[in-house]
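Here is the structure we will look at, set down as structure tokens.
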Amino acid sequence: MNAAIVGIGATDFSKNSGRSELQLAAEAVRAALTDAGLEPSDVDGLVSFTMDTNAEIAVARELGIPELTFFSRIHYGGGAACATVQQAAMAVATGAAKVVVCYRAFNERSGHRFGQVQTAAAANIDNSWSYPMGLGTPAAMVAMFARRYMHEYGATSEDFGRIAVIDRKHAATNPHAWFHNRPITLDDHQASRWIAEPLRLLDCCQETDGGVALVVTSAEHARDLPNKPAHIKAATQGSAVDQFTMTSYYRDDLTRLPEMGVVARGLWKRSGIGPSDVDVAVLYDHFTPFVLVQLEELGFCGRGEARDFVASGALELDGDLPLNPHGGQLGEAYLHGMNGIAEGVRQVRGTAVNQVGGVEHVLVTAGTGVPTSGLVLGQG
């Protein structure tokens, strides 16, 4: 794709921001534009999530963006993150806009908490089959999936816990992470309370107040800007057979995420690379079991082999596939995957706190269980 991410910006990550969600969005977008060496007057496109409360025209007013020729929103919560960049890249490639900012901002801890039961959501056709049975939270829905995966492949709670330990280890050395200086051990994970068995507290991502923004423009324009661009080598969305929001219980195999398989095939085909060419993996980690299944769907290991792949040390910073060097959503912040894209940009630039050496390609995923999206970012 003839597009690149040229600016990244974020607010602080907290549990009580003390600001409106519009303020958070404006702060993040302004920071991203400053990072890109651009002004609000350079922006003519905005992309966000359908869940975001910050209307494009409101963000434009707050920042002094004079005109918009492109604005778009993506459905399905966390599955939207990489798709916002895809939309921005397509807008740039088609001439619909020249500079597009992708943003996501919310008070997800002090305000609307997505992890709790949402009674209004019961009327949704997807949720109407599970809410009456008591499956009213994301954790409960993922727990059902995780239990079946454990039954089929012999995975254990400790296998899930190793993901949490790795993320928190990386967050501990990231000054911007909520869990900076707070690593955990596998024993800590095993001692954490049940949320929805077999998920423990430390299998579940945190709740965060904050905002993240990304600036996308053409590869040609990127050459004139101050920072090293992260070129968008591939971007795609994925939905698969019998797709439901969060978790589908109507598939023949309940231990897979075929929508991530759709994303994987699209990314490898469009980027011209394969799993062995990935230097850093920023995988969507709202719940630890889905990291294991993503590794399998993306082709890094065979079906049911992820637990051994993780236990081998492959996901450490010096391993074959460094995972979430920023700490992920379990360790840094839960911004519906947008902070993971920012980390991918830093890894390509060579400016990350936990920088991996010789990075050519970074894989970023967004969303699991819902329709998903993904990116391959790389050098020019």
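- Between the side chains of Glu152 and Thr255, no donor-acceptor pair of N or O atoms lies under 3.5 Å.
- A salt bridge links Arg19 to Asp12: at least one charged side-chain nitrogen sits closer than 4.0 Å to a carboxylate oxygen.
- Ring planes of Tyr149 and Phe160: tilted class, angle from 30 to 60°.
- You'll find the side chain of Phe287 reaches within 4.5 Å of the side chain of Cys204, heavy atoms only.
- Val43 shares a hydrophobic cluster with Val6, Leu22, Val29, Leu33, Leu38, Leu46, Val59, Leu63, Ile65, Leu68, Phe71, Val99, Val101, Tyr103, Val215, Leu225; the chain of contacts runs through ILVMFWY side chains whose heavy atoms sit under 4.5 Å apart.
- The hydrophobic clustering, which links ILVMFWY residues whose side-chain heavy atoms are closer than 4.5 Å, places Leu321 and Val263 together.
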Q | Derivation of the side chain to side chain donor-acceptor pair (under 3.5 Å) call for Gln329 and Asn339 | A | CA-CA 8 Å; Gln329 298 179 115; Asn339 53 317; over 6 Å; no
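- The side-chain heavy atoms of Leu315 and Phe309, taken from C-beta on, include a pair separated by under 4.5 Å.
- Ion pairing between Glu62 and Arg30 fails under the 4.0 Å rule for side-chain N and carboxylate O.
- Put simply, the side chain of His336 reaches to within 4.5 Å of the side chain of Met51, judged on heavy atoms.
- Heavy atoms from other residues, nucleotides or ligands lying under 6.0 Å from NZ of Lys269 number 12 at most.
- Residue-environment remark: CG (Asp277) exceeds the threshold of 12 foreign heavy atoms within 6.0 Å.
- Between Phe106 and Tyr334, the ring-plane angle classifies as tilted under the 30° and 60° cut-offs.
- In the hydrophobic cluster analysis, where Ile, Leu, Val, Met, Phe, Trp and Tyr join through side-chain heavy atoms closer than 4.5 angstrom, Ile163 is grouped apart from Leu202.
- Residue pairs satisfying the side-chain hydrogen bond (donor to acceptor under 3.5 Å, both in side chains) criterion with at least one member in residues 69-79, sequence neighbours excluded, are listed as follows: Glu56-Arg73, Ser72-Gln87.
- For CD of Glu67, the number of neighbouring non-hydrogen atoms (other residues, nucleotides, ligands) closer than 6.0 Å is 12 at most.
- Other residues sharing the hydrophobic cluster of Trp178, ordered by chain and number and joined by side-chain separations under 4.5 Å: Phe179.
- Within the structure, ring-ring contact (aromatic ring centres under 6.0 Å, His included) pairs that include any residue of residues 189-226 do not occur (at least two apart or interchain).
- Qualifying side chain to side chain contact (heavy atoms under 4.5 Å, CB included) partners for Asp35, counting only residues two or more places apart in sequence or in other chains: Ile8, Asn227, Arg349.
- For the pair Glu297 and Arg303, the salt-bridge criterion is met [side-chain N within less than 4.0 Å of a carboxylate O].
- The main-chain N or O of Ala311 is never found under 3.5 Å from a side-chain atom of Arg162 such that the two would form a donor-acceptor pair.
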Q: Please assess Gln86 against Ile74 for the test side chain to side chain contact (heavy atoms under 4.5 Å, CB included), listing each intermediate value before the final yes or no.
A: CA-CA 10 Å; Gln86 181 190 34; Ile74 311 296; over 6 Å; no
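- Cluster partners of Leu254 are absent, since no Ile, Leu, Val, Met, Phe, Trp or Tyr has side-chain heavy atoms less than 4.5 Å from it.
- Contact check for Ile166 versus Asn324: no side-chain heavy atoms found under the 4.5 Å cut-off.
- Between Arg109 and Asp209, no side-chain nitrogen of the basic residue sits less than 4.0 Å from a carboxylate oxygen of the acidic one, so the salt-bridge criterion is not met.
- Counting only heavy atoms from C-beta outward, the side chains of Arg256 and Phe145 never approach each other to under 4.5 Å.
- The aromatic ring centres of Phe244 and Tyr249 sit 6.0 Å or more apart.
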